[in-house]
Amino acid sequence: GSLRGQDPGPQPQELKEVFRLFQMQYNRSYPNPAEHARRLDIFAQNLAKAQRLQEEDLGTAEFGVTQFSDLTEEEFVQLYGSRVAGEALGVSRKVGSEEWGES
Amino acid sequence: QPPTCDWRNKPNTISPVRNQRHCNCCWAMAAAGNIEALWAIKFNRSVEVSVQQLLDCDRCGNGCKGGFVWDAFLTVLKNRGLASETDYPFDGSGKTHRCLAEKHKKVAWIQDFIMLQACEQSIARHLATQGPITVTINVKLLQQYQKGVIKATPTTCDPRHVDHSVLLVGFGKTKSVEGRQGKAASFRSYTRPRRSMAYWTLKNSWGPHWGEEGYFRLHRGSNTCGITKYPVTAIVDIPKKKQQVSCPP
């Protein structure tokens, strides 16, 4: 059967090692120990999230450590997302309908 | 439409994967990739166009703070074409500069742009018969994505909230045995036979080391992450002969 849900994820020492490898792989350094600790905490949360996504995904996708693993979701979306289409421009799919040209 | 389609398999059609770095310009990179692919398909000409021009000459002038694919196409129309990446290179610093469109020779241009129907079948038909198109999806799941086909539900990836533009380059189906083989940095360490799964192949702009060599796959047929919300493409075509009309006496 499936091992789904049985893996408790990396333990504290393991986590630090995984984070160190992440820093090496993606050339990440942080200005002070406090920021390092904060990023480690975010990294741990992202690992847990990846595990959850893995469990929820209905396809064949694999989730885990990526170059964005030390970013919060808000930072990630702000840095790499675009604007939310439809909000700023009021774009609607009603082109051609009776509403087109009204305003 | 054919059962599978991958424009990467046509030589010199899909330009190398870009890296937006600290600039929030996925929208410009997706539009640039769309124009490049269409020029290769329609005119058999391999071009790499200037993303920096799209950013510098964007009507809002703050292209690194996000934008819309249709604004990129409007910029191309307004500038009467795009310079080459070599002549007007991407800065990547997150800053935009003065628009230098007039200083450079244009290597590609478009006639128009259109929004396709929000229907996966018609998107596939257009993709297979005309070329790659841009789509805007919910970016959320890509932060942790490594490889494989993402199949999300509206709860795990809201299809109404789309915030990342990419280039759709193909579609296909996984073989029935694919997937579920774990690797060290992922959480999937077991194998389970899977049914084949229809997917879209998308070109991202986070460099060739992210995802599947810069690409990723989304499930096809379930509007995963809102892929059908804004399918937009430039129109690049050989100008048709002008039809003669005659004015009545």
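To find a chain, count down the sequence lines: A is the first, B the second, and so on, and within it residues start at 1.
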(message) Tell me if the CD atom of A:Gln78 is crowded by more than 12 foreign heavy atoms within 6.0 Å.
(response) no
(request) Name the region of A:Leu71, side chain, backbone, both or neither, that has any atom closer than 4.5 Å to a heavy atom of chain B. (result) both
(request) Side chain from CB out, backbone as N, CA, C, O: work out which of these in B:Thr153 comes under 4.5 Å of a heavy atom of chain A, or both, or neither. (result) side chain
(request) Please indicate whether A:Asn27 has more than 12 foreign heavy atoms, meaning atoms of other residues, nucleotides or ligands, lying under 6.0 Å from its CG. (result) no
(message) Let me confirm one number: the CZ-NE2 distance from A:Phe76 to B:His164, rounded to the nearest 0.5 Å.
(response) 7.0 Å
(request) Might you point out which heavy atoms bring B:Gln144 and A:Ser69 nearest each other, and give the distance in Å? (result) OE1-OG, 4.5 Å
(request) Might you confirm whether atom NE2 of B:His209 has over 12 heavy atoms from other residues, nucleotides or ligands at distances under 6.0 Å? (result) no
(request) Apply side chain to side chain contact (heavy atoms under 4.5 Å, CB included) to the pair B:Gln143 and A:Asn46, showing each step before the final yes or no. (result) CA-CA 9 Å; B:Gln143 185 178 3; A:Asn46 278 330; 3.7 Å; yes
(request) Any chance you could lay out the side chain to side chain contact (heavy atoms under 4.5 Å, CB included) test for A:Leu79 and B:His22, step after step, and finish with the verdict? (result) CA-CA 7 Å; A:Leu79 288 169; B:His22 300 298; 5.6 Å; no
(request) Measure the spacing between CG of A:Leu53 and OH of B:Tyr145 and express it to the nearest 0.5 Å. (result) 13.0 Å
(request) Kindly check if the number of other-residue, nucleotide or ligand heavy atoms within 6.0 Å of CD (A:Glu35) is above 12? (result) yes
(request) Please find out if less than 6.0 Å separates the ring center of A:Tyr80 from that of B:Trp27. (result) no
(request) Could you tell me which portion of A:Glu73 (side chain, backbone, both or neither) has an atom closer than 4.5 angstrom to a non-hydrogen atom of chain B? (result) both
(message) Tell me whether A:Glu62 contacts the main-chain N or O of B:Gln146 through its side chain, where contact means a donor paired with an acceptor under 3.5 Å.
(response) no
(request) Work out which heavy atom in A:Leu58 is nearest to a heavy atom in B:Met197; give both atom names and the distance. (result) O-CE, 3.5 Å
(request) Would you give the length of the straight line joining atom CZ of A:Phe68 to atom CH2 of B:Trp210, rounded to the nearest 0.5 angstrom? (result) 7.5 Å
(request) Look up atom NZ in B:Lys147 and atom OG1 in A:Thr60, then write down how far apart they are to the nearest 0.5 Å. (result) 9.0 Å
(request) Examine distances only and state if a side-chain atom of A:Asp57 and a backbone atom of B:Ile150 form a donor-acceptor pair shorter than 3.5 Å. (result) no
(request) Could you tell me which portion of B:Gln20 (side chain, backbone, both or neither) has an atom closer than 4.5 angstrom to a non-hydrogen atom of chain A? (result) side chain
(request) Could you please spell out the steps behind the side chain to side chain contact (heavy atoms under 4.5 Å, CB included) verdict for A:Phe63 and B:Leu141? (result) CA-CA 9 Å; A:Phe63 298 92; B:Leu141 299 183; 4.3 Å; yes
(request) Evaluate whether atom CD of B:Gln121 has more than 12 neighbouring non-hydrogen atoms of other residues, nucleotides or ligands under 6.0 angstrom away. (result) no
